Amino acid sequence: MPSHSPEHAPSWYAASVNRHLEFPALEGEISADVCIVGGGYTGLNCAIELARRGYRVALLEARQIGWGASGRNGGQLIRGVGHEVERFRPQLGADGVRRLKLYSLEAVELVRRRVTEFAIDCDLRWGYCDLANRPQHLQDFARARDELLALGYRHELRLLQAAQMHEVVGSERYCGGLIDMGSGHLHPLNLALGEAAAAAGLGAQLFERSAATRIDYGARLRVHSARGVVRAERLILACNAYLDGLQPALAGKVLPAGSYIIATQPLGEARARQLIPQDMALCDQRVALDYFRLSADRRLLFGGACHYSGRDPADIAAYMRPKMLRVFPQLADVAIDYAWGGMIGIGANRLPQLGRLPEQRNVWYAQAYSGHGLNATHLAAQLLAMAIHGEDSSGFELFAQVPHPTFPGGALLRAPLLALGMLWERLKERL
Ligand SMILES: Cc1cc2nc3c(=O)[nH]c(=O)nc-3n(C[C@H](O)[C@H](O)[C@H](O)COP(=O)(O)OP(=O)(O)OC[C@H]3O[C@@H](n4cnc5c(N)ncnc54)[C@H](O)[C@@H]3O)c2cc1C
């Protein structure tokens with residue numbers, strides 16, 4: 001089973017944090033206007049947005065701040081929220097779909113602003129390239145570029161043909177690309193820790209090693225941990241793929257899927273630049289996609305795979321290395337210094353799930369970013385806070401009106417069913 005140790009995953013990020021924060025465990029009974037469960041980007045940004053609007057916030061994190069996907073992801077900050085949002089035209093209409101697309105651009109800007117506003121040192125770099133595995137992908141990129149321009153996207157976008165790919169990647173594997181200078185990459189755990197410091201600075205009370213174990217619902221909520229209780233008027237559930245048994249109905253709408261990353265030894269500037277000459281984040285188009293970039297100390301961080309079994313590979317480095325060598329065979333002599341994985345929260349229709357529990361209108365949630373959460377978590381937090389504050393709930397309502405099916409089969413059957421679906425998608429890729 002995936003490790004649920006309270007320590008951070010053994011990642012290069014955990015080894016290179018630039019601040020050490022420690023928050024107490026919850027002891028005794030406290031009261032707050034809003035209790036937030038989950039100390040990743042969703043929870044932390046809800047805390048920031050609500051604390052700055054004057055709410056008394058108490059945030060419970062089961063392990064350490066940034067322990068979940070937020071502290072261990074690929075660090076790729078890419079435009080877009082959800083996948084193929086045109087599918088939601090029947091529910092949202094043409095205007096609704098257009099607003100979703102605009103939000104997907106705004107979401108990246110929110111992260112940019114967060115980093116600037118709180119001077120968060122997280123190695124933020126701009127520049128990203130979509131990689132085409134097949135000529136068809138290049139046609140898709142051209143359409144995507146035209147659509148972005150029509151939406152008023154103000155960052156450089158440039159299509160690359162096969163012969164130009166050496167400008168962005170030292171690999172023969174790709175037949176084209178789309179450069180986007182409005183997307184980029186960063187150190188995800190340092191971002192989460194910076195946001196935790198910002199939330200605490202605004203007066204939010206953060207608690208670590210304080211798993212919410214039970215919720216007493218009602219107008220006055222009581223959220224229990226092992227040694228304490230938070231009394232609150234509102235609750236936000238922000239646990240994404242790690243929600244487990246706390247709220248089974250919500251957990252049933254998210255499929256946890258394992259994704260894995262390796263970090264090479266430092267390669268030195270010259271060798272690193274041969275792999276990724278312009279220090280961009282890169283990502284291919286397959287269902288079980290490869291994503292990679294350089295770290296600030298010039299390692300290759302190579303991520304990929306999508307495991308639905310609920311079990312991590314026994315040896316993540318051995319599992320991921322051949323994937324890296326298929327892209328960069330020139331790294332055969334390079335050691336892998338770190339290898340780790342985490343759970344992506346996938347929803348059936350792959351649109352982030354924002355809502356309120358139908359029977360408990362004072363319980364709000366945001367989850368299921370489907371592997372594309374760095375920007376979307378920040379957007380979700382802002383939309384939730386604005387709706388809770390009664391400021392403007394139109395963005396929240398736009399997302400909340402889309403229904404999200406529960407995966408059939410409960411916790412046991414969800415994974416095998418989706419594994420079958422994935423297999424089918426991968427077979428189609430080969431046809
Ligand atoms: C390996 C990997 C690579 C990824 N790469 C990218 C990428 O490159 N770009 C991108 O945009 N997205 C990426 N993602 C997705 C992105 O990281 C997530 O969508 C995002 O971090 C979700 O944030 P969150 O705050 O909602 O959840 P999380 O960060 O997972 O936080 C949830 C927290 O809730 C806590 N929790 C759970 N239950 C309880 C409880 N009962 N009480 C208290 N606390 C509880 C957990 O301990 C956890 O810390 C990746 C994800 C993974 C796993």
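Reckoned from all heavy atoms, side chains included, excluding hydrogens, waters and symmetry mates. Counting convention: from 1, in listed order, for ligands and their atoms alike. Not measured: the values here are computed from a predicted model.
- Under 4.0 Å is where a charged nitrogen must lie from a carboxylate oxygen, and between Arg145 and Glu147 no such pair does.
- For Glu49 and Arg114, the salt-bridge test passes: some basic side-chain N is under 4.0 Å from an acidic carboxylate O.
- Residues Cys122 and Val115 meet the side-chain proximity criterion, which asks for heavy atoms closer than 4.5 Å.
- Note that CG of Leu384 is 9.5 Å distant from CZ of Arg356, once rounded to the nearest 0.5 Å.
- For ligand 1, the polar-atom distance check against Arg72 finds no nitrogen or oxygen pair separated by under 3.5 Å.
- The single protein non-hydrogen atom nearest to atom 52 (C) of ligand 1 is Ile344 CG1, 3.7 Å, given as residue, atom name and distance.
- Residues Arg87 and Leu351 are not in side-chain contact: their nearest non-hydrogen atoms beyond the backbone lie 4.5 Å or more apart.
- If you look at Met343 next to ligand 1, the close heavy atoms, those under 4.0 Å, all belong to the backbone.
- For the ligand labelled ligand 1, residue Ala241 lies outside the 4.0 Å heavy-atom shell.
- Side-chain atoms of Arg99 and Ser394, non-hydrogen and from C-beta on, do get closer than 4.5 Å to each other.
- Between Tyr13 and His8, the ring center distance fails the sub-6.0 Å criterion.
- Here the options are Arg220, Arg231, Arg56, the test is side chain to side chain donor-acceptor pair (under 3.5 Å), and the partner is Ser31; only Arg56 passes.
- Within the listing of ligand 1, atoms 42 (N), 43 (C) sit less than 4.0 angstrom from a heavy atom of Ala211.
- The protein heavy atom nearest to atom 27 (O) of ligand 1 is Asn240 CB, 3.6 Å.
- Protein heavy atom closest to atom 39 (C) of ligand 1, with residue, atom name and distance, is Cys239 SG, 3.7 Å.
- Close approach of ligand 1 to Gly74 is summarised as follows: ligand atoms under 4.0 Å from at least one heavy atom of the residue are 3 (C), 4 (C), 5 (N), 6 (C), 7 (C), 8 (O).
- Looking at Tyr242 against ligand 1, both its backbone and its side chain come within 4.0 Å, counting heavy atoms.
- Atoms of ligand 1 found under 4.0 Å from any heavy atom of Gln76, numbered from 1 in the order shown, are 7 (C), 8 (O), 9 (N), 10 (C), 11 (O).
- Backbone and side-chain nitrogen or oxygen atoms of Thr377 are examined, and none is located within less than 3.5 angstrom of a nitrogen or oxygen of ligand 1.
- Counting atoms of ligand 1 from 1 in the listed order, those under 4.0 Å from a heavy atom of Tyr291 are 1 (C), 2 (C), 3 (C).
- Nearest protein heavy-atom neighbour of atom 14 (N) of ligand 1: Asn73 CB, 3.6 Å.
- Using a 4.5 Å cut-off on side-chain heavy atoms (C-beta onward), Leu92 and Gln401 make contact.
- Of the polar atoms of Leu77, none of the N or O atoms is found under 3.5 Å from an N or O of ligand 1, judged by distance alone.
- Residue contact check: Val37 has heavy atoms under 4.0 Å from atoms 40 (C), 42 (N), 43 (C), 44 (N) of ligand 1.
- Side-chain atoms of Tyr365 and Leu354, non-hydrogen and from C-beta on, never get closer than 4.5 Å to each other.
- Taking any N or O of Ala212, backbone or side chain, at least one lies under 3.5 Å from an N or O belonging to ligand 1.
- Salt-bridge annotation for Arg209 and Glu61: absent, with no side-chain N of the basic residue lying under 4.0 Å from a carboxylate O of the acidic one.
- Proximity of Ala238 to ligand 1 is established by a heavy-atom distance of less than 4.0 Å.
- Using a cut-off of 4.0 Å between Lys/Arg side-chain N and Asp/Glu carboxylate O, Arg79 and Asp180 are scored as salt-bridged.
- Atom 29 (O) of ligand 1 has its closest protein heavy atom at Ser70 OG, 2.5 Å.
- The pair Arg299-Asp337 counts as a salt bridge, with a side-chain nitrogen and a carboxylate oxygen less than 4.0 angstrom apart.
- Using a non-hydrogen distance threshold of 4.0 Å, Asp244 does not register as a contact of ligand 1.
- Heavy atoms of Gly341 come nearer than 4.0 angstrom to ligand 1 in no pair at all.
- Those atoms of ligand 1 with a heavy atom of Tyr41 less than 4.0 angstrom away are 21 (O), 25 (O).
- Ranking protein heavy atoms by distance to atom 44 (N) of ligand 1, first place goes to Ala62 N, 3.0 Å.
- Note on ring orientation: taking the six-membered ring where Trp is involved, the planes of Tyr319 and Tyr260 are perpendicular (angle over 60°, cut-offs 30° and 60°).
- Between the choices Glu61, Arg209, Arg293, the shortest heavy-atom distance to atom 48 (C) of ligand 1 belongs to Glu61.
- Within ligand 1, the atoms closer than 4.0 Å to a non-hydrogen atom of Gly342 are 53 (C), numbered from 1 in the order shown.
- Below 4.0 Å from some heavy atom of Leu246 lie the following atoms of ligand 1, by number and element: 41 (N).
- Electrostatic pairing of Glu29 and Arg222 counts as a salt bridge here, judged by a charged N lying under 4.0 Å from a carboxylate O.
- Among all non-hydrogen protein atoms, the one lying nearest atom 12 (N) of ligand 1 is Gly373 N, 3.1 Å.
- Taking the ring axis of Trp340 as reference, the NZ or CZ atom of Arg72 does not stay both within 45° of it and closer than 6.0 Å to the ring centre.
- Atom 26 (O) of ligand 1 has Thr42 OG1, 2.7 Å as its closest protein atom, hydrogens excluded (heavy atom only).
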